[in-house]
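Let me begin by presenting the structure, written as structure tokens, before commenting on it.
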There are 2 protein chains.
Amino acid sequence: MEHGLLEKLAQTKRRLRIGECLYRTGEGFFFLYIIRSGFFKTTLIDKEGREQITGFHMSGEMMGIDGIATDIHACSAFALENSEVCLIPYQQLENTDQSSEAFQHFLRKALSHEITRDENMMMLLGTMRANERVAAFLLYLSQSYLARGFSRYEFYLRMSRAEIANYLGLKIETVSRILSSFQSMGCIETQQKHIVIHDLEKLKHLDSKNMTRSHPLS
Amino acid sequence: MEHGLLEKLAQTKRRLRIGECLYRTGEGFFFLYIIRSGFFKTTLIDKEGREQITGFHMSGEMMGIDGIATDIHACSAFALENSEVCLIPYQQLENTDQSSEAFQHFLRKALSHEITRDENMMMLLGTMRANERVAAFLLYLSQSYLARGFSRYEFYLRMSRAEIANYLGLKIETVSRILSSFQSMGCIETQQKHIVIHDLEKLKHLDSKNMTRSHPLS
DNA sequence: CGGTTTCTTGATTGGGATCAATAGGAGTGG
DNA sequence: CCACTCCTATTGATCCCAATCAAGAAACCG
């Protein structure tokens, strides 16, 4: 995936502490970011100040593409743990000769991937029940960790219950209750942010069978 | 917005009758489409065959970009009225010399715009109540018609109640009830698919203020 | 430690889904 | 034109899932 060009441009790095903001809604768009390590959330804020988390992002993912449309960042990005990102100057990309082919293609893929991701989220928010959403969320995390070489059965949540709830369009008490119910079903075990998945299949069935509604996340 | 190159490539047109499918999930991705006239919906289908409408699209909008990521269309597009689209062969775009600069830029804008659109939808589905969703939907249509030179106060819905409900993550009865309540409030007037907006401001307040929650007592 | 935040659990409410029945077009054929 | 059917939309009654309200418990942190 185009590591040659990216490496050349991505010479600047930035470290962020937990809670720090990488970019903010309304700021000018100058960089694309590739997450080297750590964990982020991206959020939208509406006029009344209500926050909506639009995504969680981990190492290898690109962030910032929301700024391309208007040259202004449409959402904000916050580090949920100490993190490191590579900065890719966007203007240089547009001007670079070598960018014309392979990178353009890569960028388009990234954008389109983002669209797919968002549309899956719309499906989740539009059609799934609370327990299906939480199950889909756990499966999404499991899948993400697996893809990065970590255990798919055991991991630490980087986000709070409130952030999970917000992301899934639920309330914090509902998320907590559902996690407890999954635990009493023997699907999972939770100790605060530490999650162990005992029965991945049961979770998948919740996600796709329970109460005649479904669809996975990403 | 790049009319020169687009015009050159977009020499083929296609007419669709109401209900016809422009492209379908799983089909190969060969064209981008620009809506010349008419009205479309794009949908996702999950494994159980249930549909989620991911967007409505009218003249001037581009469709098909969901296929770029995988070269397979991620969603399906259906005409909600007799329509006409221009076909832009995607491969030719990628190969065209002139495409390297301006069009790449244009395409990126389109993709990023799509992301913004989807994220707004996530906000709607994640944080808004039923009446706010319906209000936001009417305002969106009003705005779209205004932008195309039509009245922002009076228009015909191209989609059924069921399609509105699906799009907004609601049930058809709820949409119907809320439209009725808007009518009895004097905000709007509905006669089947014919909509007249009498009080745009009140709708905007519905959209941004949650009326039912912030009332502890009367 | 004590103060603060986050998480869990219980009790109750309420918004929207569901179930059910009716009304209103739109289209067809007589 | 009306009579008929089909389909969509409206309206009413009831139910249920998740929100809200409330109170502890556990973790976090100076």
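Chain A is the first sequence line, chain B the second, and so forth, proteins listed ahead of strands; every chain is numbered from 1.
- Under the ring pair (Phe, Tyr, Trp, His ring centres under 6.0 Å) criterion, A:Phe29 pairs with A:His73, A:Tyr90, not counting sequence neighbours.
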Look for any protein N or O under 3.5 Å of an N or O in nucleotides 3-13 of chain C and output each such pair with its distance, or none.
from, atom 1, to, atom 2, distance (Å)
C:dC7, OP1, A:Arg161, N, 3.4
C:dC7, OP2, A:Arg161, N, 3.2
C:dT8, OP1, A:Arg161, NH2, 3.0
C:dT8, OP2, A:Arg161, NE, 2.7
C:dT8, OP2, A:Ser176, OG, 2.7
C:dT8, O5', A:Ser176, OG, 3.0
C:dT9, OP2, A:Ser180, OG, 2.3
C:dG10, N7, A:Arg177, NH1, 2.9
C:dG10, O6, A:Arg177, NH2, 3.1
C:dA11, N6, A:Arg177, NH2, 3.3

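- Defining each end axis of the helix from C:dC1-D:dG30 to C:dG30-D:dC1 as the rotation carrying four pairs' C1' atoms onto the next four, with five pairs an end, the two axes are found to diverge by 40° to 10 degrees.
- Side-chain N or O atoms of B:Ser181 include one that pairs as donor or acceptor with a backbone N or O of B:Ile178 at under 3.5 Å.
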Got a list of side-chain donor-acceptor pairs under 3.5 Å for residues 16-23 of chain A, not counting sequence neighbours?
from, atom 1, to, atom 2, distance (Å)
A:Glu20, OE1, A:Arg17, N, 2.6
A:Tyr23, OH, A:Gly64, N, 3.2
A:Tyr23, OH, A:Asp66, OD1, 3.3

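- Checked against salt bridge (charged side-chain N to carboxylate O under 4.0 Å, His left out), B:Glu51 has the following partners two or more places apart in sequence or in another chain: B:Lys41.
- Atom CG of A:Asn166 is separated from atom P of D:dA18 by 17 Å (rounded to the nearest Å).
- Straight-line distance from the CG atom of B:Asn131 to the C1' atom of C:dG14: 13 Å, rounded to whole Å.
- The nearest whole Å value for the distance from the CZ atom in A:Arg133 to the C1' atom in D:dA18 is 10 Å.
- In this structure, A:Glu163 reaches neither bases nor backbone, as no heavy-atom distance under 4.0 Å exists between it and the strands shown.
- Applying the salt bridge (charged side-chain N to carboxylate O under 4.0 Å, His left out) rule to A:Asp199 yields no partners; only residues at least two apart in sequence or on another chain are considered.
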For residues 147-157 of chain B, dump all side-chain donor-acceptor pairs below 3.5 Å to protein atoms at least two apart in sequence or in another chain.
from, atom 1, to, atom 2, distance (Å)
B:Arg148, NE, B:Ser59, O, 2.8
B:Arg148, NH1, B:Ser144, O, 3.1
B:Arg148, NH2, B:Ser59, O, 3.0
B:Ser151, OG, B:Tyr153, N, 2.9
B:Ser151, OG, B:Glu154, N, 3.2
B:Glu154, OE2, B:His194, NE2, 2.8

| task | Go through the steps to decide whether A:Arg50 and B:Glu132 satisfy the test salt bridge (Lys or Arg N to Asp or Glu O under 4.0 Å), and finish with yes or no. | result | CA-CA 14 Å; A:Arg50 285 187 285 192; B:Glu132 299 176 274; 3.4 Å; yes
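- Between the CE atom of B:Met128 and the P atom of C:dG15 there is a distance of 16 Å, given to the nearest Å.
- Partners of A:Arg24 by salt bridge (charged side-chain N to carboxylate O under 4.0 Å, His left out), not counting sequence neighbours: none found.
- Rounded to whole Å, atom P of C:dG15 lies 14 Å from atom NZ of A:Lys171.
- By the side-chain contact (heavy atoms from CB on, under 4.5 Å) test, A:Gln192 pairs with no residue at all, sequence neighbours left out.
- Rounded to an integer number of Å, the gap from B:Leu168 CG to C:dG15 P is 19 Å.
- In this structure, A:Gln191 reaches the sugar-phosphate backbone alone: every heavy-atom distance under 4.0 Å involves primed, P, OP1 or OP2 atoms, never a base.
- Put simply, CD on A:Glu132 is 12 Å from P on D:dC17, counting in whole angstrom units.
- With rounding to whole Å, B:Ile18 atom CD1 is found 14 Å from D:dC7 atom C1'.
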